[in-house]
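Notes follow the structure.
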Amino acid sequence: MSRSRSRGWLGALPLLAFFAFVFGVPAIAVVAGAFTAQGRPSLANLSQSLQGGYLTAMLGSVKLSAVVALLGAVLGTFLAQAVVTSRSALLREAVLTASGVLANFGGVPLAFFWIATLGNSGLISGLIGLPSGSLYTFWGLVMVYLYFSIPLMVLVMAPALDGLRPQWREAAADNGATTWHYWRFVALPVLAPAMLGGVVLLFGSSFSAYATANAMVGTVVPLITLKIAAALTGDVLTGYENIALALSLDMIVVAGLVMAIYLPLQRRTSRWLH
């Protein structure tokens with residue numbers, strides 16, 4: 001038995017080596033650069049990354065991601081519930097397929113789509129009297145991020161809603177429970193891990209987005225990803241070139257906290273719904 005296990009590990013070694021090279025080497029480079037200033041080990045970069053405009057950008061990214069995650073979770077859950085309870089198999093397949101496509105639609109093409117539609121010279125902005133520049137604000141960016149966040153939440157919640165047993169509703173009704181009681185004491189506790197996991201997933205997706213925000217708002221809305229790009233292109237003080245790596249390390253810490261919440265919730269959801 002032990003020999004077969006050791007041979008199994010040997011078969012996985014090429015994959016492990018690949019992941020170690022692709023993810024490990026960049027991670028080591030980021031950490032080493034973040035703790036190096038003027039050729040010496042130092043905390044100056046990390047200290048600088050948590051002050052002034054950099055701190056404002058970090059808080060701006062957290063605020064944007066939190067708003068998108070909460071709104072996307074609520075709207076996506078309601079849409080998923082409507083799709084799951086629909087009697088039309090064609091509608092269900094169409095919505096889920098479109099959600100799979102739209103959840104991966106981002107970057108510059110997404111920004112161009114919204115600018116051409118609701119920008120200052122967009123096709124619809126003039127018809128509805130949209131104020132000039134309203135798309136290039138914090139709330140405009142929230143609306144654009146919801147375009148891929150809501151479909152992503154639909155993909156997360158649809159399997160969870162499918163996992164609700166019809167027998168649970170029947171048992172609740174037999175015991176005198178109303179629809180509100182069923183959702184409050186049965187369905188929502190079961191769905192809570194999936195919903196919270198979806199919120200965390202939407203937060204991480206919005207927090208790491210760069211291309212869409214860069215093409216739309218530039219420096220108008222302070223975001224940490226835009227600050228990293230500016231630092232990498234030369235917007236740094238002499239001797240502080242590694243500030244971009246320190247900002248990246250800050251993002252890795254936030255992403256690590258997000259995943260530390262998300263993974264246990266996913267495991268709990270699987271235990272309830274299978």
Could you tell me whether a side-chain N or O of [X] sits under 3.5 Å from a main-chain N or O of [Y], the two making a donor and an acceptor?
| X | Y | answer |
| --- | --- | --- |
| Asp250 | Leu50 | no |
| Thr117 | Phe113 | yes |
| Ser86 | Val83 | no |
| Thr212 | Val108 | no |
| Ser65 | Phe207 | yes |
| Ser61 | Ile224 | yes |

Q.
Show every ring-ring contact (aromatic ring centres under 6.0 Å, His included) that has at least one partner inside residues 23-43, sequence neighbours left out.
A. Phe19-Phe23
What heavy-atom pair brings [X] and [Y] nearest, and what distance separates the two atoms?
| X | Y | result |
| --- | --- | --- |
| Val154 | Ser99 | CG1-OG, 3.7 Å |
| Gly107 | Ala211 | CA-CB, 3.7 Å |
| Thr85 | Ala82 | OG1-O, 3.4 Å |
| Val258 | Val200 | CG1-CG1, 3.0 Å |
| Leu226 | Ala213 | CD2-C, 4.3 Å |
| Ser49 | Leu247 | CB-CD2, 3.5 Å |

Just how far is it from atom [atom1] of [X] to atom [atom2] of [Y], taken to the nearest 0.5 Å?
| X | Y | atom1 | atom2 | result |
| --- | --- | --- | --- | --- |
| Leu223 | Ile228 | CG | CD1 | 10.5 Å |
| Arg92 | Leu90 | CZ | CG | 12.5 Å |
| Thr225 | Met58 | OG1 | CE | 10.0 Å |
| Leu64 | Trp139 | CG | CH2 | 9.5 Å |
| Ser206 | Leu71 | OG | CG | 10.5 Å |
| Asn45 | Tyr54 | CG | OH | 9.5 Å |

Does the side chain of [Y] come within less than 4.5 Å of [X]'s, by heavy atoms?
| X | Y | result |
| --- | --- | --- |
| Leu191 | Leu161 | yes |
| Met195 | Val156 | no |
| Leu141 | Tyr136 | no |
| Val67 | Phe138 | yes |
| Leu102 | Phe148 | no |
| Leu75 | Met153 | no |
| Ser205 | Leu201 | no |

Q: Quick one: name the residues clustered hydrophobically with Phe78, using the 4.5 Å side-chain heavy-atom rule over I, L, V, M, F, W, Y, and just say none if it's on its own.
A: Val74
Between [X] and [Y], is there a shared hydrophobic cluster once you connect ILVMFWY residues whose side-chain heavy atoms come closer than 4.5 Å?
| X | Y | value |
| --- | --- | --- |
| Leu155 | Leu202 | no |
| Phe105 | Val142 | yes |
| Leu59 | Leu46 | no |
| Met157 | Leu188 | yes |
| Leu43 | Val30 | yes |

Q: Give the C-alpha distance, both sets of side-chain angles, the deciding distance and a yes or no for side chain to side chain contact (heavy atoms under 4.5 Å, CB included) between Val68 and Leu146.
A: CA-CA 6 Å; Val68 171; Leu146 286 175; 4.2 Å; yes
Q. Are the ring centres of Phe185 and Tyr182 closer than 6.0 Å?
A. no
**Q.** Partners meeting side-chain contact (heavy atoms from CB on, under 4.5 Å) with Thr97 (sequence neighbours left out)
**A.** none
Q | Stepwise side chain to side chain contact (heavy atoms under 4.5 Å, CB included) test for Val254 and Phe203 | A | CA-CA 10 Å; Val254 174; Phe203 180 92; 4.1 Å; yes
Q: Answer yes or no: does atom CZ of Phe112 have more than 12 heavy-atom neighbours from other residues, nucleotides or ligands under 6.0 Å?
A: no
Q. With under 30° as parallel and over 60° as perpendicular, where do the rings of Trp114 and Tyr147 fit, or are they tilted in between?
A. perpendicular
Q. Can you check side-chain hydrogen bond (donor to acceptor under 3.5 Å, both in side chains) on Gln81 and Thr77, steps first, answer last?
A. CA-CA 6 Å; Gln81 171 64 9; Thr77 299; over 6 Å; no
